[in-house]
Each structure stands twice: as structure tokens, then as C-alpha cells.
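Note that ligands are numbered from 1 as they come in the structure, with each ligand's atoms numbered from 1 the same way. Predicted model only: the values in this text are computed from it and were never measured. Along the sequence shown, residues are numbered consecutively beginning with 1.
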Amino acid sequence: MKKFSVVIAGGGSTFTPGIVMMMLDNMDRFPMRELVLYDNDKERQAQLGKALEILLKEQAPDLKFSYTTDPKVAFTEKDFCMAHIRVGKYEMREKDEKVPLRHGVIGQETCGPGGIAYGMRSITGMLEIIDYMEKYSPDCWMLNYSNPAAIVAEACRALRPDSKVLNICDMPVGTLRRMSQIIEKDPADLEVRYFGLNHFGWWTSIKDKEGHEYIDQIRDYVAENGYLTKVEVDTQHMDESWQETHKKAKDLLAVNPSYLPNTYLKYYLYPDYEVAHSNADYTRANEVMNGREKEVFTAAQNIIEKGTAVDGGFHIDSHASFIVDLARAIAFNTHERMLMIVENNGAIANFPDDAMVEVPCIVGNDGPEPLAQGKIPPFEQAMMFQQVTVEKLVVEAYIEGSYQKLWQALTLSKTVPSAKVAKDVLDDLIAANGEYWPELR
Ligand SMILES: NC(=O)c1ccc[n+]([C@@H]2O[C@H](COP(=O)([O-])OP(=O)(O)OC[C@H]3O[C@@H](n4cnc5c(N)ncnc54)[C@H](O)[C@@H]3O)[C@@H](O)[C@H]2O)c1
Ligand SMILES: O=P(O)(O)OC[C@H]1O[C@H](O[C@H]2[C@H](O)[C@@H](O)[C@@H](O)O[C@@H]2CO)[C@H](O)[C@@H](O)[C@@H]1O
Ligand SMILES: [Mn+2]
């Protein structure tokens, strides 16, 4: 079997050790000859790089491994780039969450004003790594899960339409795992129908390969418990805030019991509740900085100090194996069925062709082929149209340096109560983001 050369962009990410461990665990399905970490923060990446160097010497001595901040070294002779960058890191995530909350508005990483702010930063970083990839390895594919994926995907559509960038999110994968636990099935044996935008969609069917429909059974469970499963399926997200998110799906389902909702719809359907249950002095960014970030970097430090990763603290991020499924689909033309963020072009019949939507696709070596999901009802269509217009306005604001369009984007977000509040939040976000954003006139 061919062996692949891979670069991970955002090598200093809290997800890097888990994903590297997952890729090691999948070497029989997706063999690698070389793995390079690339980041623009030398110190942060080096902490993980040094520890992974020790671990890989012990567990995969034949794999050529390195870490670098030099784009030429990182991107030369690569088959795949797994991209998970966070422009501005946790320091800026904290501002994305806290600035809107001070105005009584949702403060979240990818939804509402926080997602818009993050999007304005991410576009620059994403274009930078796409251009490096195309310069040094024109045949390379980028599997991108850097957030906010909806805005990043729209920016790719508008600014790099011919680039080999695939945008994907793990949330539908994670939620399907919960659903499969509810009905005591293997997620690999289930096929779904789904329509929406990233972090903003609905499942319309969950069937097994024999065609048996489980949506009613899952709905009855979710109506009582949300997606909170009896046995915790996701060891990475035991945090209280995630439990609350999974539980809240119960109230999302109540709005339209026909479909199973994506959990992040809570920010659009119950913004008043979410704001009332947020602490503007301690948000998810603080929870992650004091939790996952600390754990991962402490584990790296321990490995470095001991000089061995035996009994070390890095764990396989098994839910990230969809990344290997996607790489295999491209590399081996497997025609895997996966939810991807793609240009609509009729997949949702009554939605604009040029909208970046999240739908099931068949993925082969030419990329994803979206599967037709038919017409969607007015309630979901109207919500999606409002949200996709927000995402398009953000990208237009970025391209044109337009204050007006970004103000419109914030005003249109279902999470923001008025144009006045939108302007107040925007002005504070401009101040908080400084050089990370293009200048707005
Ligand atoms: N789509 C999904 O399903 C999904 C799931 C989990 C995480 N994510 C995303 O993965 C990313 C990483 O998350 P994290 O919490 O581990 O963040 P993190 O801050 O720990 O890591 C991000 C890394 O990206 C680096 N970086 C920033 N700009 C860069 C650039 N221009 N070039 C190279 N490197 C750059 C930073 O220095 C940092 O080391 C985020 O975008 C997050 O939202 C996506
Ligand atoms: O707040 P964080 O940094 O812990 O997570 C934010 C990410 O959340 C989503 O992914 C979750 C997924 O929904 C959950 O079910 C589980 O599988 O873990 C994932 C994160 O590892 C979302 O899809 C991402 O885009 C967010 O960045
Ligand atoms: Mn996501």
C-alpha cells in the first residue's frame, strides 16, 4: 500500500497529540512515511513536537517525523495537510466569548458575534496555509477542520474556488456516535440524511444498511434526555458545559419534532436562556485553558522530562478517525459517505446554489459529490437563509474591508437583538482584534 506524507497545520493545537495517536493507530488503513508538524508559534509547537518525537521513536521508529515553522520545509512533497489552526489562540477565543456577553449577547467560539470575530481572523490564516500548500505541493489535499468552518468554507469558495480544500466538522460524527449508543448500534452501520449549514442543521433519517429507520426511536429518547447518553461515549467532553449542550437538544427537538437537531442550534433558538446561563467572567475558553490545554501540555512536559512516552499522558482521539476515513476516501477512492461542507448546487433543492451547506456526500478521489436532500420546510429554510447570509456578509466584509457589511452581518445574526447592540459589539470586537482583522472602512 502507498505510504503518505502528511503535514499537520496548527501543530501546537491541543488536538495534535490525540490526532497523531489516532493516525498511528490507523497506520494499517492509512500508512504514513512522513509526518511534519507546522505552526507559526515556535515555542507552543515545540512543547508538543519534542514529546511526540519521543513517543514516535518508541512507537513508530520508521516514520520520519519533524516539526517546523518553515512553510517550505513543512509543505514540500506532501500528499495531505490536516489543518486545525486557531488564529489568535485561546487568548482571542476568550475575547470572542466575553466581548459579546458583556453586551448581553451569546459569547461562543463559532456561533453569533464570537464566531464572526473568529472568522475574520481565520480567513487570513487559512489563505496563508492554502497558498503555502499550493506553492510547495500543488497536488496536496487539505482536510480542514479549523473553525469557524462555515465562514472558512465560504471564504474558500469565494477566494480559492479551485483549491483542493475539504471542509469537515466532527460535530455530526460525535452526535451520530451518541445516537448509535441510544439505539445500541455501531455508527459505521448507520446511514443518515441531513441538511443544514455547519453547526446549524438537522438529521431527517437515521437508517441501518438494511433500510430500517431509527429516527422515531431516537426522537423518543432525545425528547426526554437530549443527546446525553447513559454511558458517556465521549471521554474528551465530560465537562459540565458539554453535558448541558447535549441535554439542551431536548428543547431544540420540541421546536420541530420531525427532525433531530444539531446541538449548536441552541444558540439561535434559545439565546436568552444561553446568555442567562453564561458567566461573562468564566467562559468555555477558560474551561478549556484550565482543562484540556493544561492536561495536554502537562502531559507533553512529563514525557519530555522522563524521556519516554511509556505510560505517558497522550491519548488516542478515536472520534477523530473520520479524518482518516476522509483521507482514505481521497487516496483510495473509497466512495465513503460522509457529511461535508460543500457548495449546495441543488443538493438542497430550495436553497441557493452558491451557499456552503452541510450535507451527506460520497467522497472519492475527485472529492465530495453531494447527495440530493430534496426540498426543506419553510422554518428551517428561513433560519438557514438568515444564517448563510450572515456568513456571506462576513466574507464580503473581509474582502472589501467593509464596516457596513460586518455591521449588517452582526445585525442579521439571530443571536443579536438589534442594530444598536450589533454596532456596540462590533466596535468592541474591532478594538479587541486589532491587527488580526483587515482594516474596516
Ligand atoms: N471542525 C471541527 O469539528 C473541530 C473540532 C475540534 C477543533 N476544531 C478547531 O481546531 C482548531 C484548533 O483548536 P485548538 O483548540 O486545539 O486550538 P489551539 O489554539 O490549541 O491550536 C491552534 C494552533 O494553531 C496555530 N496557528 C494559528 N494561526 C496559524 C497560522 N496562520 N499558521 C499556522 N499555525 C497557526 C496556533 O499557534 C496554535 O498552536 C480550532 O480552529 C478549532 O476550532 C475543529
Ligand atoms: O469547546 P471545545 O474546544 O471543547 O470544542 C469545540 C468544538 O466542538 C465541536 O466538536 C465536538 C463535538 O461536538 C463533540 O461531540 C465531541 O465529539 O468533541 C468535539 C470536539 O473535540 C465542534 O464540532 C468543533 O467545531 C468545536 O471546535
Ligand atoms: Mn465543528
*So, the side chain of S163 versus the backbone of V165: is there a donor-acceptor pair under 3.5 Å, distance only?*
no
_Centroid separation under 6.0 Å, is that true for the rings of Y194 and Y259?_
no
*Considering only the protein, which heavy-atom contact is closest to atom 21 (O) of ligand 1, and what is its distance?*
S13 CA, 3.1 Å
*Nearest to atom 19 (C) of ligand 2 by heavy atom, D317, N147, D170: which?*
D170
*Quick one: look at R93 and ligand 2, take heavy-atom pairs under 4.0 Å, and tell me if it's side chain, backbone, both or neither.*
side chain
*Check the angle between the aromatic planes of W242 and Y264 and answer parallel, tilted or perpendicular using the 30° and 60° thresholds.*
parallel
*Please confirm whether A9 comes under 4.0 Å of ligand 1, counting heavy atoms of the residue only.*
no
*Numbering the atoms of ligand 1 from 1, which are under 4.0 Å from a heavy atom of Y38?*
32 (N), 33 (C)
*Who gets closest to atom 10 (O) of ligand 1 by heavy atom: R44, H84, R93?*
H84
*Would K248 count as a cation-pi partner of Y273, with NZ or CZ less than 6.0 Å from the six-membered ring centre and within 45° of the ring normal?*
yes
*Geometric cation-pi criterion, R86 with Y90: 6.0 Å, 45°*: yes
*Pull out every atom of ligand 1 sitting under 4.0 Å from any heavy atom of F15, numbered as shown with elements.*
6 (C), 7 (C), 13 (O), 14 (P), 15 (O), 16 (O)
_Please check this pair: side chain of R44 against backbone of G12, looking for a donor-acceptor N/O pair closer than 3.5 Å._
yes
*Given I19, D39, D41, which has its nearest heavy atom closest to atom 38 (C) of ligand 1?*
D39
*Run the salt-bridge test on E154 and K392 with the 4.0 Å N-O cut-off and return the result as yes or no.*
yes
*asked:* Check this for me - ligand 1, T14, N or O atoms closer than 3.5 angstrom, yes or no?
replied: yes
*Residues R337, E191; criterion salt bridge (charged side-chain N to carboxylate O under 4.0 Å, His left out); working and verdict*: CA-CA 8 Å; R337 184 175 170 139; E191 267 180 8; 3.7 Å; yes
*Go through ligand 2 atom by atom and flag the ones less than 4.0 Å from a non-hydrogen atom of F15.*
21 (O)
_R292 neighbourhood, listing ligand 2 atoms whose heavy-atom distance to it stays under 4.0 Å_ = 2 (P), 3 (O), 4 (O)
*Just heavy atoms, cut-off under 4.0 Å: does C169 contact ligand 1 by side chain, backbone, both, or neither?*
both
*What is the minimum heavy-atom distance between I19 and D317, and which atoms define it?*
N-CB, 4.2 Å
*Closest protein heavy atom to atom 15 (O) of ligand 1, given as residue, atom name and distance to 0.1 Å*: Y90 OH, 2.3 Å
*Record the part of R178 in heavy-atom contact with ligand 2 below 4.0 Å; permitted values are side chain, backbone, both and neither.*
neither
_Check: E77/S137 side-chain N/O donor and acceptor closer than 3.5 Å_ = no
_I want to confirm something. Looking only at heavy atoms, which of Y145, Y132, Y118 is nearest to atom 41 (O) of ligand 1?_
Y118
_Sidechain-backbone polar pair: N225 side chain, V222 backbone, donor-acceptor under 3.5 Å_ = no
*Audit row: T124, V87, side chain to side chain contact (heavy atoms under 4.5 Å, CB included) steps and yes/no*: CA-CA 8 Å; T124 308; V87 177; over 6 Å; no
*Hey, does E109 sit under 4.0 Å from ligand 1 if you only count heavy atoms?*
yes
_Carboxylate-amine/guanidinium contact R33 D79, below 4.0 Å_ = yes
*Heavy-atom distances under 4.0 Å are what count here, so tell me which part of E109 touches ligand 2: side chain, backbone, both or neither.*
side chain
*For ligand 1, is I168 a contact, meaning one of its heavy atoms is under 4.0 Å away?*
yes
*Between the side chains of D70 and T68, does any donor sit under 3.5 Å from an acceptor?*
no
*Do the charged groups of R284 and D239 touch, with an N to O distance under 4.0 Å?*
yes
*Identify the closest protein heavy atom to atom 30 (C) of ligand 1: which residue and atom is it, and at what distance?*
N40 ND2, 3.2 Å
*Just jot down the ligand 1 atoms closer than 4.0 angstrom to any heavy atom of K89, in number order.*
19 (O), 36 (C), 37 (O), 38 (C)
*Parallel, tilted or perpendicular, as decided by the 30° and 60° cut-offs, for the rings of W202 and F200*: perpendicular
_Part of Y145 with heavy atoms under 4.0 Å of ligand 2, whether side chain, backbone, both or neither_ = neither
*For C169, take its heavy atoms, then give the atoms of ligand 2 lying under 4.0 Å from any of them.*
23 (O)
*Which of the atoms of ligand 1 are close to E128, meaning less than 4.0 Å from one of its heavy atoms?*
31 (N)
*Nearest heavy atom to atom 43 (O) of ligand 1 wins, so pick from I8, N147, T16.*
N147
*Kindly indicate, with the supporting measurements, whether the criterion salt bridge (charged side-chain N to carboxylate O under 4.0 Å, His left out) is fulfilled by K89 and D41.*
CA-CA 10 Å; K89 292 169 277 192; D41 180 333; 2.6 Å; yes
*Heavy-atom contacts under 4.0 Å between M171 and ligand 2: side chain, backbone, both, or neither?*
both
*asked:* Below 4.0 Å, non-hydrogen atoms only: which portion of Y227 touches ligand 2? Side chain, backbone, both or neither.
replied: neither
*For R292, counting its heavy atoms only, list the atoms of ligand 1 lying under 4.0 Å from any of them.*
15 (O)
*Shortest reach to atom 2 (P) of ligand 2 by a heavy atom, considering only H319, H199, R284*: R284
*In the protein, which heavy atom is nearest to atom 5 (C) of ligand 1, and how far is it?*
D170 OD2, 3.4 Å
*Give yes if a backbone or side-chain nitrogen or oxygen of I85 is under 3.5 Å from a nitrogen or oxygen of ligand 1, and no if not.*
yes
*Hey, would you say the F314 and F15 ring centroids sit under 6.0 Å apart?*
no
*Answer yes or no: does an N/O atom from S146 fall short of 3.5 Å to an N/O atom of ligand 1?*
no
_Does E369, at its CD atom, have more than 12 non-hydrogen atoms belonging to other residues, nucleotides or ligands within less than 6.0 Å?_
no
*Mark up the atoms of ligand 1 that fall under 4.0 Å of a heavy atom belonging to G12, in ascending order.*
20 (O), 39 (O)
*List the closest protein heavy-atom neighbour of atom 13 (O) of ligand 1: residue, atom name, distance to the nearest 0.1 Å.*
R86 NH2, 3.5 Å
